[in-house]
Engineer: 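Sharing a structure, written as structure tokens. Questions coming.
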Number of protein chains: 2
Amino acid sequence: MMETRKTPTIQDVARSANVSTATVSRALSSPERVSESTRARVSEAIRVTGYTLNQAARSLRQRTAKTILVALPDIRNSFFSSILDAVEREATNRGYGVLVANLFNARAPAQRLQDYMLSNRADGLLLLDGSLDLSSLQTLVRPPNSVPLVVACEEIPNSGFHTVLTDNLSAAERATRHLIDLGHRRVAHLLGPEGNVVARDRLAGYTKALPRAGLEVQQQWLFRGNFDMESGFAAAAHFMSLSERPTAVFAANDESAIGFLSGLRQHGLTCPRDISMIGFDDLGVAAHYTPPLTTMRQPRELLGRMAAEMLIDILEDAEHRRGPMRIVLNSELIVRESTAHLPLRASG
Amino acid sequence: MMETRKTPTIQDVARSANVSTATVSRALSSPERVSESTRARVSEAIRVTGYTLNQAARSLRQRTAKTILVALPDIRNSFFSSILDAVEREATNRGYGVLVANLFNARAPAQRLQDYMLSNRADGLLLLDGSLDLSSLQTLVRPPNSVPLVVACEEIPNSGFHTVLTDNLSAAERATRHLIDLGHRRVAHLLGPEGNVVARDRLAGYTKALPRAGLEVQQQWLFRGNFDMESGFAAAAHFMSLSERPTAVFAANDESAIGFLSGLRQHGLTCPRDISMIGFDDLGVAAHYTPPLTTMRQPRELLGRMAAEMLIDILEDAEHRRGPMRIVLNSELIVRESTAHLPLRASG
DNA sequence: CGCTGTAGTGCAATCGATTACACACAATTG
DNA sequence: CAATTGTGTGTAATCGATTGCACTACAGCG
């Protein structure tokens, strides 16, 4: 057989098919420009030589890596890993690779992203973290760098970046109203991380729902949280120390809701007997928690897919002058067993 | 300022520093080979021009992508996303990018990996999935392809591949013994997916522990499972249909354990009052489940880190003739509240 | 002084694909 | 029939960095 000690190149294919390298290249990337018979010869030669494209060479010439960079605050977070999953699917379908950058505890996140993008390793950036410095992102996005960027899940205010997210404010309002509709009047909110835009919107939704029911926002019923179980767990201790305790809590996300319930359990309280709890996200575990968690389901798969679609559309359409795009997806109330009518409560 | 309409290249830097491109390149990759003063001039020129390396060009020349490919069965699975997290950390520290390939439901997984690897997009493959076809992997690993490969978490029997995993068999044995030590004599096992090596080892550990306590393996106490919550949930229904019910279950992983408990709850049974349950993995949610889950903790972060280390070590040491490496990490029993002494049970 | 060794640098080839341009030939048109 | 258009292919430049080889200058040595 062929005595190819090295990876076969397009040259080898050309030789084997008795055509020029230009023809081989064209047969690969624009088959319609090559005659039927030549195409067949090239295909056969590729088979015989076992040729595979050298992506580095193509990238160098075309200034395109066929790769997107997904930057996320924390891969371990089940919410983000679902998104990543959807993004990877869509990207793969469209022939793109997915490079991941975990920003959690990273030293200079913006710098890292910049290095990645400017070194031609990725063609576009999908940012799932709203906490980055606006000005360094703008440096990236504006000429001469002109990095294609889509922000998903989170949002960067006043940035004009393309964005895909869910209706956090209105969903939070609906979540809160769900509790109110069940008769609860003392409704607390377990906050997301300070400074986080999503957390801010969910708080805003909560804040908006209360007065509509004639209720007031009470500062001591805004529990500090951080989107993770530990912070929810800690908030439960705070809850216990309150003289006048809420009968329902709207948690900024499922993880913190679960942490909170876990903390409550330590103190002998049970959900929904002693307290109603609604979360946000509908993580996989929400349906199987004890009790199954009422929550606002975010369409994670859709969100990830649309974000990837948007970014790749931008990449493949060099003339994207259609202005900033913004897609808002709707969340859905999933009622399970962690919320109950107030009158149904046995006294604690 | 500089009227650079295009990304500055090493040529621009060379011109600005008044040296040759060769010198600039050396200043970047082997600074000790360049004089102090030149080095300073180059640094300054890089600053002035805003130069960033074109990774594609370097890859082409050096036949190195500075990237590893991580292939996993399902990113959404919290276990794998933790591993991915650790891998990403380690890779980043060592200057490598991480490309992810989600194999879940993928059409031709082996083919996809091969395409990735042979197209010079990644230098090495970190495989977190043991279900791939051995022969296609061997094609990849053996000359002339010679793709550096490390298998982690799972294992591919008789493959001779480098492997990092945990002591599944002995850990499963300890888990089972924990239940036995608590006085349980009717101990069931919620299986992992059929054909999965890890699941097989955990079953083997379970099978080994029983006779040591004078117990027999009962076929009807081996519940079908699939490492996910849904399968655990379904297994609970099967459990309920049993005439003689076990008093304790060792689940092949936490997810299925949670699904099982969730199913049990639907039937009015409570853990640990009616049944003791031990899981495997110690997912984040295990500590905050109701009840907090007793489980075998796998050192996920360590495992991910070591796997990445091993792979990158191999990549950077071309002469790795030291034979197949195999690292086995120990799992740790974490006792929480889902397991209880048999005598302490109130009758169901 | 002449010889050798070494540090520092430059020249130019190279990695493997893409693509602008040129060209040959066939088909179509006025 | 000449001119024009179109189709299919080849030649060679190009992308941007790395690196083998050659060279200079100077230090150390006998």
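Just the heavy atoms: all of them, side chains too, but no hydrogens, waters or symmetry mates, feed the values below. Throughout, protein chains are lettered first and strands after them, A, B, ... in sequence-line order, and every chain is numbered starting at 1.
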Engineer: Think B:Thr23 has a side-chain N or O under 4.0 angstrom from the OP1 or OP2 of C:dG10?
Structural biologist: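 Yes, B:Thr23 has a side-chain N/O under 4.0 Å of OP1/OP2 on C:dG10.
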Engineer: For DNA chain D, whose closest nucleotide is more 5', that of A:Ser37 or that of A:Thr21?
Structural biologist: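 On the 5' side of the pair lies A:Ser37.
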Engineer: If you check the B:Val19 side chain, which of D:dA17, C:dG10, C:dT18 turns out closest?
Structural biologist: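 From the listed options, C:dG10 comes nearest.
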Engineer: Could you tell me whether the side chains of B:Asp74 and B:Asn102 share a donor-acceptor contact shorter than 3.5 Å?
Structural biologist: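 Short answer, no.
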Engineer: Mind checking B:Thr52 for me? I need base, sugar-phosphate or nothing, with any heavy atom below 4.0 Å counting as a touch.
Structural biologist: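 Since only primed, P, OP1 and OP2 atoms lie under 4.0 Å of B:Thr52, the category is sugar-phosphate.
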Engineer: Are any of the side-chain nitrogens in B:Asp12 or B:Arg15 under 4.0 Å away from the carboxylate oxygens of its partner?
Structural biologist: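 Counted as a salt bridge, because a side-chain N and a carboxylate O are separated by less than 4.0 Å.
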Engineer: Name the nucleic acid region contacted by A:Thr38, choosing base, sugar-phosphate or nothing; use a 4.0 angstrom heavy-atom cut-off, strictly under.
Structural biologist: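 If one applies the 4.0 Å heavy-atom cut-off, A:Thr38 turns out to touch the sugar-phosphate alone, with no base involved.
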Engineer: Given C:dT9, D:dG10, C:dA17, identify the nucleotide with an atom nearest to the side chain of B:Ser35.
Structural biologist: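 Selected nucleotide: C:dT9.
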Engineer: Can you tell me if the side-chain N/O atoms of B:Gln62 get under 4.0 Å from OP1 or OP2 in D:dT19?
Structural biologist: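 Answer is yes, contact under 4.0 Å.
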Engineer: What is the distance, to the nearest angstrom, from the CZ atom on B:Arg61 to the C1' atom on C:dT14?
Structural biologist: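 Rounding to the nearest Å, CZ of B:Arg61 and C1' of C:dT14 are 5 Å apart.
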Engineer: Just checking B:Val34: base, sugar-phosphate only, or nothing, at a heavy-atom cut-off of under 4.0 Å?
Structural biologist: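 B:Val34: backbone/sugar contact only, no base atoms under 4.0 Å.
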Engineer: Considering every strand and a 4.0 Å limit on heavy-atom distances, what is the contact class for B:Ser25: base, sugar-phosphate, or nothing?
Structural biologist: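 It contacts base atoms.
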Engineer: Determine: side-chain N/O of A:Gln55 to OP1/OP2 of C:dG16, distance under 4.0 Å, yes or no.
Structural biologist: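 So the side chain of A:Gln55 is outside the cut-off, no N or O lying under 4.0 Å from OP1 or OP2 of C:dG16.
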Engineer: Is the shortest side-chain N to carboxylate O distance from A:Glu44 to A:Arg41 below 4.0 Å?
Structural biologist: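 No salt bridge links A:Glu44 with A:Arg41.
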Engineer: What is the separation between atom CZ on B:Arg41 and atom P on C:dG8, rounded to the nearest whole Å?
Structural biologist: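 From B:Arg41 CZ to C:dG8 P: 13 Å.
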Engineer: Which listed nucleotide (D:dG16, C:dG16, D:dT9) is nearest to the side chain of A:Thr9?
Structural biologist: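 Looking only at side-chain atoms, A:Thr9 lies closest to C:dG16.
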Engineer: Starting at CG of A:Asn54 and ending at P of D:dC15, how long is that distance when rounded to a whole Å?
Structural biologist: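 Atom CG in A:Asn54 sits about 18 Å away from atom P in D:dC15.
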Engineer: In whole Å, what is the span from the CG atom of B:Asn18 to the C1' atom of C:dG8?
Structural biologist: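 From B:Asn18 CG to C:dG8 C1': 16 Å.
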Engineer: Write down the distance between CD (A:Glu36) and P (D:dG8), rounded to a whole number of angstrom.
Structural biologist: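 The answer, rounded to whole Å, is 11 Å.
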Engineer: With DNA chain C as reference, determine whether B:Arg63 or B:Ala22 sits nearer its 5' end, using the nearest nucleotide of each.
Structural biologist: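 Result of the comparison: B:Ala22.
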Engineer: Just the rounded figure in Å: distance from C1' of C:dT19 to CZ of A:Arg26.
Structural biologist: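 Rounding to the nearest Å, CZ of A:Arg26 and C1' of C:dT19 are 8 Å apart.
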Engineer: Side chains of B:Thr23 and B:Ser20: donor-acceptor distance under 3.5 Å anywhere?
Structural biologist: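 A donor-acceptor contact under 3.5 Å links the two side chains.
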Engineer: Is it true that B:Arg94 and B:Glu309 have a side-chain N and a carboxylate O under 4.0 angstrom from each other?
Structural biologist: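 No salt bridge links B:Arg94 with B:Glu309.
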Engineer: I'd like to know if the side chain of A:Thr67 pairs up with that of B:Arg121 as donor and acceptor (distance under 3.5 Å, no hydrogens or angles considered).
Structural biologist: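 A donor-acceptor contact under 3.5 Å links the two side chains.
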Engineer: Tell me: CG of B:Leu60 to C1' of D:dT18, nearest whole Å?
Structural biologist: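 Atom CG in B:Leu60 sits about 10 Å away from atom C1' in D:dT18.
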Engineer: Categorize B:Leu53 for me: base, sugar-phosphate, or nothing, with a 4.0 angstrom heavy-atom threshold over every strand shown.
Structural biologist: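 Touches sugar-phosphate only.
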Engineer: Looking only at side-chain N and O atoms, does A:Tyr51 come under 4.0 Å of OP1 or OP2 in C:dG16?
Structural biologist: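 No, outside the criterion.
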Engineer: Starting from P on D:dT9, measure out to CZ on A:Arg39 and report it in whole angstrom.
Structural biologist: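 In whole Å, D:dT9 P lies 10 Å from A:Arg39 CZ.
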